[in-house]
Amino acid sequence: MDIIPFPEKIKLQAGEFRLTPETCILTNTANRWNADYLRGLLGSSTGFLLRIQTGGLVAKNVIRLHLDPGLARLGREGYRLEVRPDVIIIKAPGTAGVFYGIQTLRQLFPVEIEERCPVLGFEWQVPCVLIEDKPRFAWRGFMLDEGRHFQGKETMLLTLDLMALQKMNVLHWHLTEDQGWRIEIKKYPKLTEVGSRRAGTSKTILGKQHDGIPHSGFYNQDEIRKIVAYAAERCIMIVPEIEMPGHSLAALASYPELSCTGRPFEVATHFGIFPDIFCAGKDTVFTFLQEVLDEILELFPSPYIHIGGDEAPKKRWKECPDCQRRIREEGLKNEHSLQVYFTNRIAAYLDSKGRHVMGWNEILQDGLAKGAVVQFWARGRERLLAAIRTEKRAVVMSTYLDTYLDHSHNLMPLSRAYRYEPVPAGVDVNDVNSLLGLEFPLWSEWVPNRARLDYQAYPRLTAMAETGWTLKDKKDFKDFRRRLEKFLGRLSRLGVHYAPLKDAEPPKMKQWFGIFTVPQPQTGTAE
Ligand code: ACM
Ligand code: ZN
C-alpha cells in the first residue's frame with residue numbers, strides 16, 4: 001500500500017471495490033460536506049457525478065460515511081476505513097476523521113484519480129483493506145511567507161488542497177514583513193496602498209542593489225474569507241501572522257509615526273534584519289495594533305494569532321525617549337523586558353477576545369504570559385526544555401536546520417527532512433502534551449513564483465507530513481522512498497513542480513558543500 005503518511009494499522013484483504021457511475025455515497029447531514037467533497041474529488045477524473053443519499057439504506061455499490069462515537073479512542077482526527085467488494089465504509093468519531101479517511105481512500109485509487117479531466121474507459125478499482133489510523137501530533141503545519149513574495153489566491157487554494165492530501169492541518173500564513181504588507185485592513189488603507197508595494201527585489205544575498213522591478217500584491221478581505229472557508233472545508237486552521245515589533249518596515253513606511261523616530265521609510269527592497277521596528281513607548285502604536293487585530297480576529301476564527309516577535313533589534317528602543325520612559329514607568333529591567341511587556345500587552349488583548357497569542361522563540365523570556373504559545377526555531381534549547389517540562393507551555397517545533405524549506409536541497413536533503421524528530425531529547429512522554437506538534441516554514445526571499453515554491457517544498461514537505469502523522473516506530477525512509485514514487489505521480493497530475501529526486505537527495509559530496517550554495521531562482525519539473 002503506497003499511502004503517505006503511512007497509517008497506524010493496515011491489513012490488506014482479498015478482492016477489490018469497483019467505482020461505477022452508479023456508486024452511491026451514503027451519509028448523514030453532519031457529513032454532507034464530506035460527501036460533497038468526495039464527489040468532487042472523484043468526479044473530475046472519473047467523469048462520474050455520484051449520487052449522494054442522506055439517510056436510508058443502500059446495500060451494494062456504496063461508499064458510507066459515518067460518525068461513530070464508539071470510536072472515540074481514535075481521537076478528533078482518527079478514522080477507520082474498510083473496503084469490501086460491495087461497500088466502502090469510513091467511520092470516525094468526528095467529521096475531521098471522516099475527511100482523513102477520504103484522503104486515505106483517495107490514495108488507494110490509481111494515481112489517475114488525480115487527473116483534472118475525465119480519463120475515459122478506466123477501471124476505477126481499490127483493493128480491499130482494513131485501516132485504523134490517527135495522527136501522532138495535533139499540529140501539523142506549513143508556514144508560507146508571502147511578505148517577501150506575494151503568491152496570490154490560486155496558489156493558496158492549491159497549497160490547501162495539497163496540505164489536505166498529506167493530512168496537514170495548520171497553515172501558518174506570514175502576511176506582513178519588511179518587504180510587504182499583504183492583507184487589507186479597512187481602518188488603515190495605507191498598509192496596502194503603500195505597504196504592499198516595493199520598488200524592486202534584492203539581486204544577491206549580501207548586496208543592497210535591487211532589480212528595479214516593482215513587486216506588489218495583497219489579499220482583500222473577501223479573498224481572505226474565501227481562503228479561510230476553503231481551508232475549513234479541508235480541516236485546515238489558518239493561523240495568520242501579523243509580525244511585531246520587528247520585521248515591520250512595510251507598516252512603518254505606511255505610517256511612520258508608529259516608529260521610534262517618525263522618519264519616513266520605504267518598503268524594503270533587500271532582505272535581512274532592520275533596526276526600525278514598532279515603538280513600544282507610544283500608546284498610539286498599541287491602539288493601531290489592536291485595531292488591526294480586531295479586523296484580523298473577525299477574518300480568522302483560529303484560536304491562535306501569531307505575532308512573530310523574532311529578530312527585533314533593540315537599537316531604536318535604546319535611543320527612544322518614549323521607549324525609555326515606558327521602561328522607567330513600568331519598572332522594566334531593559335529593552336528585552338520591554339519586548340516581554342509588548343508581547344504581554346498584545347497577549348492580554350487577544351486573551352480578552354478569547355484567543356491565544358503565539359510567537360517565535362524570541363518571545364520566550366522571563367515574565368512571558370502563561371498562555372503564550374511558542375514556536376521554537378533556533379537557540380535557547382535549555383529555555384525550551386524548561387518551557388515544556390516546567391511551565392508546561394504549549395510549543396510548536398520548527399528547528400531551522402531540520403524544517404526550513406527555503407534551505408537548499410543540498411543542506412537539507414529529503415532523507416534529513418524525513419528523519420527529523422520533533423520531540424527534543426530530554427522531553428519524556430509526560431511532557432509531550434505541551435508539544436503541540438511541528439511546522440515547516442518556507443521563507444520566500446528567493447521564492448518569486450509557484451514553480452520555485454513547489455521546488456522548495458516538494459517532496460520534502462511530503463516527508464515532513466509523514467513525521468507529523470505517522471508513529472515514530474512506523475517510519476522507515478526506504479519504504480517512504482518506495483511509496484513516494486507513486487505519490488510523485490499524484491503531484492505531477494496536480495501540477496506540482498516538485499524537485500526531481502536527483503536534486504531532493506543529492507550525492508553526499510554535494511550535501512557537504514550545501515552550506516555554501518546560494519539559492520538561485522530556478523524552476524522545477526512538471527508543466
Ligand atoms: C525566523 O526564522 N526568523 C523565525
Ligand atoms: Zn520608541
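Read the numbers this way: they start at 1 and go in the same order the structure lists the ligands and their atoms.
- In summary, the aromatic rings of Y304 and W139 are positioned with their centroids under 6.0 Å apart.
- Atom numbering of ligand 1 starts at 1 in the shown order; those under 4.0 Å from a heavy atom of E311 are 3 (N).
- Nearest protein neighbour of atom 3 (N) of ligand 1, counting heavy atoms only, is D310 OD2, 2.6 Å.
- Taking the six-membered ring where the residue is Trp, the centroids of H306 and H172 are separated by under 6.0 Å.
- Closer than 2.8 Å to the Zn ion (ligand 2) sit the protein N, O or S atoms C260 SG, C279 SG, C320 SG, C323 SG.
- Checked against the 6.0 Å centroid criterion, the rings of Y498 and Y455 do not qualify as a close aromatic pair.
- Here the side chains of P413 and E505 are in contact, with some heavy-atom distance below 4.5 Å.
- Using a 4.0 Å heavy-atom cutoff, Y404 is listed among the residues neighbouring ligand 1.
- Checked against a 6.0 Å centroid threshold, the rings of F278 and F342 do not count as neighbours.
- Using a 4.0 Å cut-off between a side-chain N of Lys or Arg and a carboxylate O of Asp or Glu, D406 and R452 do not qualify as a salt bridge.
- Partners of R483 under the salt bridge (charged side-chain N to carboxylate O under 4.0 Å, His left out) rule, at least two apart in sequence or in another chain, are E466, D479.
- The aromatic ring centroids of W446 and F271 lie less than 6.0 Å from each other.
- Less than 4.0 angstrom separates some heavy atom of W443 from each of these atoms of ligand 1: 1 (C), 2 (O), 4 (C).
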